[in-house]
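Reading through the structure tokens given below for one structure.
Below, chains carry the letters A, B, ... as their sequence lines are ordered, and counting in each starts from 1.
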Number of protein chains: 2
Amino acid sequence: MNKRMTIQRQIVLDTVKALDHPAANSVYEEVRMKYPHISLGTVYRNLTSLCDDRELLRLTFPNSPDRFDPNLHPHYHLLCRRCGGVSDVDMAYLSEIDRAASEKTGLSIEGHMVCFFGICGQCRDGPDAAVQ
Amino acid sequence: MNKRMTIQRQIVLDTVKALDHPAANSVYEEVRMKYPHISLGTVYRNLTSLCDDRELLRLTFPNSPDRFDPNLHPHYHLLCRRCGGVSDVDMAYLSEIDRAASEKTGLSIEGHMVCFFGICGQCRDGPDAAVQ
DNA sequence: CTCTTATTAGTAATTACTACTATTAAGTAT
DNA sequence: ATACTTAATAGTAGTAATTACTAATAAGAG
């Protein structure tokens with residue numbers, strides 16, 4: 001039951017690191033540039049495996065396929081309503097709210113995620129910035 | 001382009017209110033009890049339309065179909081890792097973090113969502129509560 | 001009561017992802 | 001090095017959630 005370091009697994013990991021919060025399909029497209037006969041299933045399987053092994057984080061957003069993030073440090077994201085892209089939000093992690101919510105509600109809360117909605121820097125400063 | 005109040009739309013709305021954060025499929029199953037020949041597409045279309053008209057909120061969670069919530073008051077949710085269900089988390093809304101994150105990052109942040117992970121009350125207190 | 005067209009039921013298609021299976025190759029043991 | 005075990009792959013098929021299409025229906029205005 002030992003895990004094997006395959007070329008495919010390494011390329012998938014490197015590609016997630018090279019891209020910016022890519023979805024599985026973007027990883028697949030990019031990987032195929034260097035390794036054309038890779039299978040889409042192999043990309044999905046390795047992404048899931050890398051998440052299981054805590055080498056990647058899986059990010060879920062409304063109306064969007066899952067994204068993958070090599071930054072394991074707890075942090076939050078912005079989903080851009082114009083381009084649909086994901087950016088890091090560099091603010092302090094709200095490490096106290098799990099305990100606060102647990103105590104307030106009596107529920108067993110183990111973690112949380114925050115997703116911000118708005119316009120990303122690229123869209124705000126880009127060529128069509130005036131188009132709101 | 002006026003909107004029409006159809007029986008289907010009314011039943012879909014009533015059913016979301018009667019259930020607890022249902023997914024589209026649960027709404028469909030429940031609606032069919034009273035209105036057997038309704039189409040799944042009609043349920044999906046009305047759910048989306050009701051969200052567009054601010055009569056419902058659409059909730060997105062990792063590894064889970066979208067849920068619908070008639071409670072329009074801003075609030076947070078817990079996704080139970082045991083049963084997969086969604087519960088309300090009755091804690092204060094963090095209305096200040098949008099502005100805080102905007103100022104810190106310079107991004108245009110318009111809103112946010114928080115999803116807590118853990119074990120819901122029913123699972124913790126239920127018959128299999130001891131199973132971790 | 002008629003007319004316009006939004007909405008529906010039913011079906012087909014799409015998107016994102018998972019499962020299956022024969023073949024390949026990673027890593028261990030000879 | 002070479003053989004061996006089996007995890008992982010490529011390729012394909014299948015599934016879940018959701019959207020799109022179209023002829024028929026019915027909501028609501030006139």
Side-chain angles (χ1 to χ4, degrees), chain A residues 1-16 19 21-53 55-69 79 83-86, chain B residues 1-16 19 21-53 55-69 79 83-86:
Chain A
M1 214 207 156
N2 271 318
K3 215 148 245 181
R4 292 176 185 179
M5 178 46 66
T6 62
I7 312 170
Q8 291 89 340
R9 182 180 166 97
Q10 189 61 61
I11 293 182
V12 166
L13 179 56
D14 291 347
T15 301
V16 173
L19 300 174
H21 304 102
N25 205 269
S26 305
V27 175
Y28 177 56
E29 296 295 337
E30 183 68 19
V31 167
R32 278 204 300 181
M33 304 281 186
K34 292 187 178 179
Y35 204 81
H37 60 85
I38 198 168
S39 156
L40 179 59
T42 297
V43 172
Y44 271 102
R45 194 170 357 84
N46 276 301
L47 288 170
T48 298
S49 164
L50 288 161
C51 290
D52 290 347
D53 297 347
E55 302 210 55
L56 292 177
L57 287 178
R58 178 186 296 264
L59 311 177
T60 299
F61 300 98
N63 199 29
S64 179
D66 283 359
R67 315 301 183 99
F68 297 88
D69 194 339
L79 179 67
C83 71
V86 170
Chain B
M1 214 210 158
N2 271 318
K3 215 149 243 180
R4 293 175 184 178
M5 177 48 65
T6 62
I7 312 171
Q8 291 88 340
R9 182 179 165 96
Q10 189 60 60
I11 293 183
V12 166
L13 180 56
D14 291 347
T15 301
V16 172
L19 299 175
H21 304 101
N25 205 270
S26 306
V27 176
Y28 178 56
E29 296 294 338
E30 183 69 18
V31 167
R32 278 205 298 182
M33 304 280 186
K34 292 186 175 176
Y35 204 82
H37 60 84
I38 198 167
S39 156
L40 178 59
T42 296
V43 171
Y44 270 101
R45 195 172 354 86
N46 277 300
L47 288 170
T48 298
S49 164
L50 289 161
C51 289
D52 291 347
D53 298 346
E55 301 211 56
L56 291 178
L57 287 178
R58 178 187 294 265
L59 311 177
T60 300
F61 299 97
N63 197 29
S64 179
D66 283 359
R67 315 300 183 99
F68 297 89
D69 194 339
L79 179 68
C83 71
V86 170

Of the listed nucleotides [options], the one nearest the side chain of [X]:
X       : options                : result
A/Ile7  : C/dC17, C/dA9, C/dA26  : C/dA26
A/Gln8  : D/dT9, C/dA16, C/dT8   : D/dT9
A/Asp66 : C/dC17, C/dA26, C/dA9  : C/dC17
B/Pro65 : D/dT9, D/dA17, C/dA9   : D/dA17
B/His37 : C/dA16, C/dG27, C/dA9  : C/dA9
A/Tyr44 : D/dT9, C/dA16, D/dA8   : C/dA16
A/Tyr35 : C/dT18, D/dA10, D/dA27 : D/dA10

Classify the nucleic acid contact of [X] as base, sugar-phosphate or nothing, counting any heavy atom under 4.0 Å across all strands shown.
X       : answer
B/Tyr28 : nothing
A/Asn46 : sugar-phosphate
B/Leu40 : base

Less than 4.5 Å apart, side chain to side chain, heavy atoms only: is that true for [X] and [Y]?
X       : Y       : value
B/Phe68 : B/His21 : no
B/Leu79 : B/Pro62 : yes
A/Thr60 : B/Phe61 : no
A/Ile38 : A/Ile11 : no

Output the rounded distance in Å from [atom1] ([X]) to [atom2] ([N]).
X       : N      : atom1 : atom2 : answer
B/Phe68 : D/dA17 : CZ    : P     : 12 Å
B/Ile38 : D/dA24 : CD1   : P     : 21 Å
A/Gln10 : D/dA7  : CD    : C1'   : 17 Å
B/Met5  : D/dA26 : CE    : P     : 17 Å
A/Leu47 : D/dA8  : CG    : P     : 15 Å
A/Asn63 : D/dT19 : CG    : C1'   : 11 Å
B/Lys3  : C/dT7  : NZ    : P     : 7 Å
A/Arg9  : D/dT9  : CZ    : P     : 9 Å

B/Thr6 side chain N/O closer than 4.0 Å to the phosphate oxygens (OP1, OP2) of C/dT8? yes

Check ion pair B/Arg9-B/Asp53 (N to O, under 4.0 angstrom): yes

Do A/Asp14 and A/Lys34 meet the salt-bridge criterion of a basic N to acidic O distance under 4.0 Å? no

Nearest-nucleotide wise, let me know which of B/Arg45 and A/Ala23 is further upstream toward the 5' end of DNA chain C. B/Arg45

Under 3.5 Å donor-acceptor pair, B/Arg4 side-chain atoms to C/dT5 base atoms: yes

Upstream residue (5' side of DNA chain D) when B/Arg58 and A/Thr42 are each assigned their closest nucleotide: A/Thr42

